[in-house]
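Protein chains get the first letters and strands the later ones, always in sequence-line order, with residue 1 at the start of each. Hydrogens, waters and symmetry mates play no part in the numbers below; they use all other heavy atoms, side chains included.
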2 protein chains.
Amino acid sequence: MRFRKLNYFITVAEELHFGRAAARLHIAQPPLSQQIKAIEDELGAVLFERSSQKVSLTPAGEVFLPQARALLQNWEKIQEQVRSVANGTAGNLSLGFVWAAGTPHFSKGIAQFKQNNHGVTLNLEEMTTTHALDALRTEKIDLAMIFLNPLMDITDLEHQEYEIQKHLLALPDNHPLAQKDSVPLSDLHQLPFISFVRQAHPSLYDQIMHSLHAAGVEPNIVQIARLTQTTRTLVAAGVGVALVPESTQFDQREGLTYRPIDGVLPELAIHFVWRKNSLTPLMERLITHLQAQVPR
Amino acid sequence: MRFRKLNYFITVAEELHFGRAAARLHIAQPPLSQQIKAIEDELGAVLFERSSQKVSLTPAGEVFLPQARALLQNWEKIQEQVRSVANGTAGNLSLGFVWAAGTPHFSKGIAQFKQNNHGVTLNLEEMTTTHALDALRTEKIDLAMIFLNPLMDITDLEHQEYEIQKHLLALPDNHPLAQKDSVPLSDLHQLPFISFVRQAHPSLYDQIMHSLHAAGVEPNIVQIARLTQTTRTLVAAGVGVALVPESTQFDQREGLTYRPIDGVLPELAIHFVWRKNSLTPLMERLITHLQAQVPR
DNA sequence: ACATAATGATACGCTTTTCCTATCTTAGCC
DNA sequence: GGCTAAGATAGGAAAAGCGTATCATTATGT
């Protein structure tokens, strides 16, 4: 599909000489004459006024020439665009990610990717793990970055690790435990606790609770916060303490301190997740790029 | 140039099934697979996700489909347009015509032609014979309607008769000659005369003067008018009499009378004139149409 | 688990299209 | 009147496209 004939016509129209045009096209003159005749037959319109002396365009040819040029140009553009989408330098991508993934290196990575891929439209949306999985399966998003753990049933999906975060204990500045450099897990027993809603990340929630129980810690959940933002506000207000992903510390806040935990807690594994057979070059490129931004 | 492959792609994209698509295209399935593969190779982009279970578009294919459709549609439009221009139902045409050609049947003919050929843009310009010939040769106009006579050198042009007009004598209402039903040529001797500029229609001018001399009439040219409009104003004002084309009488005017001439005067032959080998279907159609409007 | 059915890919020979070489035709020119 | 330049025509060769037969893969049903 080289639009051969269209090119033949344009070249003859430019040279106004079958011999020279044929030379430019690297073919002999007779087939060129034939092909032009074929176009004329197909269109039902004579495009050239021929004499042995000179060749000129008929009004029909005059009208055809710019249109033919435009068509070819259009075709070039289409080709480029399709190629761009194919190798991932253009296209659309909807990404759902959990709040904890929104680290400075994540933002930087996204910004760079946009910078280097002007043809790409990224659609970013913050979601809970539960919501993101649903959005993936209903094809509302193409890619998710969520808390993954082995208990989840994701046989219809594929995934790849993004980063592992540790838990930190969020404390009010003036809390007695803030004196210690790191807090033993057992110290959390019966402490007033602020948790996220289980439904947001059910497996993670269950895993954390399991770990606490195993360490003999019975948390006294005094409040359930839907947004991490709210959790921090409540902790700062002295309502209680909370276990938060380490990425939370990137947002500094008056009156809040973070301490590492001494003891066994599940890791916070953020994974890229996508539907089977839906991994496009664009997604691959984005995943590779974002992963490269993760420190260490 | 049937844009075969493009159509193949579109059909497969619509059916999402190589077998059915091949059937719709009236070819076997293997060549279809081959051609699709050829497109993919050419674009450097996989367009379909194939499995023995189902075929689906890749993002690149998704982008390509509407573009391919648009391209084909565009091609159809181009074809139609070229065909229209070729058979004269569309296009542009610049027509220069002498004032005398602007009769009611001329106006009606033009109006009808426009009505019946909406794709046609007519560019009408009133000109003198001299100016029209120049405009023709410099390709500023495509067709002229001018006073033609055998003395003119128009070997580079072709022509066809439009209509023959007679001369009339334009008189003030109260002029003594207005009493007669027709005026003998000899009566014009020494009468105050209003003439057009010789340069406007030189051959015609010379021919008229020759006829007058031959009849022993020595006109007393008191004024030279550039516009026929002006001639009539001057005649009505009693400045003199004038020889005018019979078409002039279609414009009635207070205080003006026209009388036939008894005697030998050149006929006013208005011809279509165009450059050799420049007669397009559109011009042919216009010429035929206008000529059919001439009375009798 | 194994045979069956459905579907796209591959192999290979045939047909059609396109191209090339050689020659013809026409129109200007010395 | 022959010469030259340019496009058209003729006929065979090369290339592209197509068809039949077959393979490979995957789901399905017993």
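Test B:Thr129, B:Ile146, B:Leu151, B:Leu268 against B:Leu204 for side chain to side chain contact (heavy atoms under 4.5 Å, CB included) and you get one pass: B:Leu268.
With respect to A:Lys140 and A:Glu125, no salt bridge is recorded, no charged nitrogen being found less than 4.0 Å from a carboxylate O. Using a 4.0 Å cut-off between charged side-chain N and carboxylate O, B:Glu49 and A:Arg275 make no salt bridge.
Rounded to an integer number of Å, the gap from CD1 of A:Ile36 to P of C:dC19 is 11 Å. Spacing between atom CG of A:Leu32 and atom C1' of D:dA6 amounts to 13 Å, rounded to whole angstrom units. The CG-P distance, from B:Asn7 to D:dG17, rounds to 15 Å in whole Å. Between B:Gln29 atom CD and D:dA21 atom C1' there is a gap of 12 Å when expressed in whole angstrom units. Put simply, CD on A:Gln35 is 13 Å from C1' on D:dA16, counting in whole angstrom units. B:Gln53 has its CD atom 10 Å from the P atom of C:dG8, to the nearest Å. One atom, CZ of B:Phe18, and another, C1' of C:dT10, lie 14 Å apart when rounded to the nearest Å. For the pair A:Leu25 CG and C:dC20 P, the interatomic distance rounds to 10 Å; values are reported in whole Å.
When side chains are defined from C-beta on, A:Gln199 does not count as touching A:Tyr205, because their heavy atoms never get closer than 4.5 Å.
Applying the 4.0 Å criterion to OP1 and OP2 of D:dT26, one finds that B:Ser51 has every side-chain N and O outside that range. A close approach under 4.0 Å does occur between a side-chain nitrogen or oxygen of B:Ser33 and OP1 or OP2 of C:dA9. The phosphate of C:dA6 has neither OP1 nor OP2 within less than 4.0 Å of any side-chain N or O from B:His17. At least one side-chain nitrogen or oxygen of B:Arg50 sits closer than 4.0 Å to the OP1 or OP2 atom of C:dA9.
The residue A:Phe48 sits apart from the nucleic acid: no heavy atom pair falls under 4.0 Å.
Where B:Leu16 and A:Pro31 each meet DNA chain C at their nearest nucleotide, the meeting point lying more 5' is that of B:Leu16. In this structure, A:Tyr8 and B:Lys37 both approach DNA chain C, and ranking their closest nucleotides by distance from the 5' end singles out B:Lys37. Closest-nucleotide positions on DNA chain D for A:Lys54 and B:Gln34 were compared, and the one nearer the 5' end corresponds to A:Lys54.
Of all heavy-atom pairs spanning A:Gly61 and A:Phe9, the tightest one is O-CZ, 3.7 Å.
Distances from the side chain of A:Ala28 to the nucleotides D:dG19, C:dT21, D:dA21 place C:dT21 closest.
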